[in-house]
Amino acid sequence: MTSVCTLRVRDIRSRNPRGFGGCIFTGVQIDDDGTVLDAREYYVVKASYRVMGGVRIQAGQWWRVVGELSANVITVNGYRVTEWQIEAQALSLMWPSGEHIITLMAESPDFQGIGRVKATRLWETFGEGLYDILDRGDAAALTSVLTDESAQQVVAAWHLHGDTKTLQWLHARGFSVTVGRKVVSYFGKDAPEKIDEDPYRLLSFCASWSHVDALARGEFGIDEQDPRRLQGAVEEALYRLFDAGHTCARISMLADRLKAILRVPGGGWTWERLAADVLTAGFSNGSYVIGTDHDIHPVGPLVMESTVARAVATRLQQVSEAQLLTSRDVDACVEAYQRKEGIELNAEQRLAIQTAAANAFAVITGGAGVGKTTVLKGLYRIFDAAGVRVFQMALAGRAAKRMQEATGRPASTIAGFLHNATAEDLEGPAVVVVDEASMCDIITMYRLCELLPPHVRLVLVGDPNQLMPVGPGLVLHALAKTSGIPAVELTVVKRYGGRIAEAAHAVRSGVFPELSADASAPIVFIPCARLGAGYSEGASEIAQAVLQLYAQAPEKTQILSARRTGAGGVLELNTLCQARMAGGAQPLMVWSEPHQAMARTGFRLGDLLLCTRNLWEYGLQNGSLGQLVQIEDLPRLLVREDGEPIGHAIAWALWDDGERRPLFEPMLDDLELGYAITVHKAQGSQWPRVIVAVTGHRLLDRTLIYTAITRAQEQVILVGDSEALRRAIEALPRSQERHVALGSLLRTSLEDLF
């Protein structure tokens, strides 16, 4: 029987019923005034995490509960008591009315140290006015009854209950906990009122258009031609364009997105005229800017691109201060560097060094093997001679690690530099060198330019023909094409030659290379059909083909894929490889408190591991690869030299920097199998042998194929769909589809300065 009742929570029995999250609590039924209806009855409510929406249930709260009701009569101390059990289908938090706020404060652990006596004094002093005081967060008003500390405690606890009520309000309308917490963080207790005024405000908190629009049209009765709906649709279109990498949009691009969002039927209402009115309103209220080229620039991306453009232009203005040494001294440093290293720089490399030494901002580009690192090492000799401190970094942890190994100097991720750099670090002559800069999006470059004082030099190094940023915008690509930027392209391949280099050059130029069918050749393409029987069941043909090839030399091979999911994706490849390479090995287990049993982590002894986040405290970076080499029988407490506990090690892994490190349970969320990784994760790294799974996918383009090929030192094997491979190589790079404004903004900044 489905029932609706209001309960006052008495106590919490469990926070994790059946191990699925949620809460089991007991309560008594009350009326709207808080009066207990029958003291001989009490209720046991089982509420799943899905129903609760991630909120906290505490003693003393009032909850309206909807669910299936069943009775169970039990005897307690000789009295017959009815225990009603409810499987909650819906929950909503109610405010206590009248003097029942005393009970809430006395029983809820949030109001720690208040108790019934103090709560009663508050009610007797302020009466119904207490609600208004708490809603305002006016702790000072409460100090006539409480100490300052207790008054702050009461206000903070009331704020928590308000957040819970708002979260429940949003959850009851189908919004996720993540969206709900963002809304509460921004609007606080006024969230329902703000959403009632304009439901499309929820779009700013990553709620989906379909969900928000259904709520607005259904619950709030907003008409399809309501300006709020059209303004929301424009904002949604701009969000989607930004998600796709664009930092600005042509009117035609925006119109195409609006048609899809609004699902405009042929010959329907005159949305174009109404949308034009909304665009004008948005321009007036500062939601976006319409440029001289008639492009629409959302304010956020425009601010970021303008900041980067000004940072570059300001450095290019520093002509007299930029020259570090005389030309003679620069040449002397270069000659000394060549003698020490036993090398001879070509004309392009010399020009790159001279350009970066003579300008406060410079760009050095070039493909794999052209000697960009060689140039940097020579450039650093000049910086050292001029007393300029060098900060070198890359977007990915693995790329930063390789940069450090190649130059013999400290390197960090950009995120690490942004997090750790202080004003004192950046005082005096300094230069920031960013490697693999093609992967740097506008958000990251904006943050870097905001941090750096104008006197700090900036050198960007990378290859615009490798992968573009995962995030929005284009930085290196735009700068490399902008006239007036001190830029040098290195074209002479020095690190390696042969078939891999020839194929890479062809792909880079959009030409389908000659690929051998001989599995022992330096660069090979093997259609899946060429491999014989013996595949595992339940996996795609391409994944099984990759597995066969990987098993021939796993110790020197890395598998790469364009995608994470789907046929030939990282997840499928890792599952298949684990079953083959470590399927019978000891599993790594951890204790599950909700289940009161040991639970599998998904890892086994011998598994290859990938770290997916910078874990500075554990010495790992995003992209670090390792192998699980030992599992502890029982978690082992590790301590520092001073006796301070570090944590309980559950296993040990040997990482790609040669260090053997403990694994702790909190690390598991940031680890995954590393037999196969995405090409994005591989950028900046190399392995002797690389296998690339090739399937038709929106991310597959010539830059991804080129990046994958150039990760191989001895052999690269492409496996999969030959037509998809050809289309990807011969089509224009996806980076050319991005619409950005950095180049035009930079040209304007340069004109203003010069």
With Ile364, which of Asp463, Asp435, Val375 fulfils side-chain contact (heavy atoms from CB on, under 4.5 Å)?
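So the option named by the test is Val375.
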
Only one of Leu718, Val694, Val690 forms a side-chain contact (heavy atoms from CB on, under 4.5 Å) with Leu560, so which one is it?
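Checked Leu718, Val694, Val690 against Leu560; only one passes side-chain contact (heavy atoms from CB on, under 4.5 Å): Val690.
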
Crowding at CD, Glu514 (>12 non-hydrogen neighbours, <6.0 Å):
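Incorrect, the count does not exceed 12.
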
Taking atom NE2 as the centre, does His680 end up with more than 12 heavy-atom neighbours from other residues, nucleotides or ligands that are less than 6.0 angstrom away?
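Yes.
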
Which side-chain hydrogen bond (donor to acceptor under 3.5 Å, both in side chains) pairs, counting each pair once, include a residue from residues 561-570, with sequence neighbours left out?
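Non-adjacent pairs meeting side-chain hydrogen bond (donor to acceptor under 3.5 Å, both in side chains): Arg563-Thr695, Arg564-Glu672.
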
Steps toward side-chain hydrogen bond (donor to acceptor under 3.5 Å, both in side chains) verdict (Arg711, Gln686)
CA-CA 4 Å; Arg711 300 313 94 201; Gln686 282 199 309; over 6 Å; no

Test of understanding: with ring pair (Phe, Tyr, Trp, His ring centres under 6.0 Å), list the residues that count as partners of Phe361, not counting sequence neighbours.
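Result, ring pair (Phe, Tyr, Trp, His ring centres under 6.0 Å) vs Phe361: none returned.
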
Strictly under 6.0 Å, is that where the ring centroids of Trp209 and Tyr239 end up?
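Distance test on ring centres: not under 6.0 Å, no.
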
Identify the two heavy atoms, one from Ala400 and one from Ala411, that lie closest to each other, and give their separation to 0.1 Å.
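Scanning both residues completely, I find the closest heavy atoms to be O-CB, 3.4 Å.
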
Least distance between heavy atoms, Ile729 atom then Arg702 atom:
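Ile729 and Arg702 have their closest heavy atoms at O-NE, 3.2 Å.
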
Is the side chain of [X] donor-acceptor paired with the backbone N or O of [Y] at a distance under 3.5 Å, no angle test?
| X | Y | result |
| --- | --- | --- |
| Gln578 | Gly602 | yes |
| Asp656 | Leu625 | yes |
| Thr710 | Thr707 | yes |

CD1 of Ile261 to CZ of Arg240: how many Å apart, nearest 0.5 Å?
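If we round to the nearest 0.5 Å, Ile261:CD1 and Arg240:CZ are 4.0 Å apart.
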
Hey, is Arg229 close enough to Asp213 for a salt bridge, meaning N to O under 4.0 Å?
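Yes, this pair counts.
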
Before accepting this row, confirm whether a basic side-chain N of the pair Glu502/Arg499 lies closer than 4.0 Å to the acidic partner's carboxylate O.
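Looking at Glu502 and Arg499, the cut-off is met.
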
Go through the steps for Thr365 and Glu489 under the test side-chain hydrogen bond (donor to acceptor under 3.5 Å, both in side chains), then give the verdict.
CA-CA 5 Å; Thr365 63; Glu489 181 182 10; 5.0 Å; no

Qualifying residue, where the test is side chain to side chain donor-acceptor pair (under 3.5 Å) with Tyr675 and the options are Thr557, Asn574, Asp607
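With Tyr675 as partner, Thr557, Asn574, Asp607 yield a single side chain to side chain donor-acceptor pair (under 3.5 Å), made by Asp607.
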
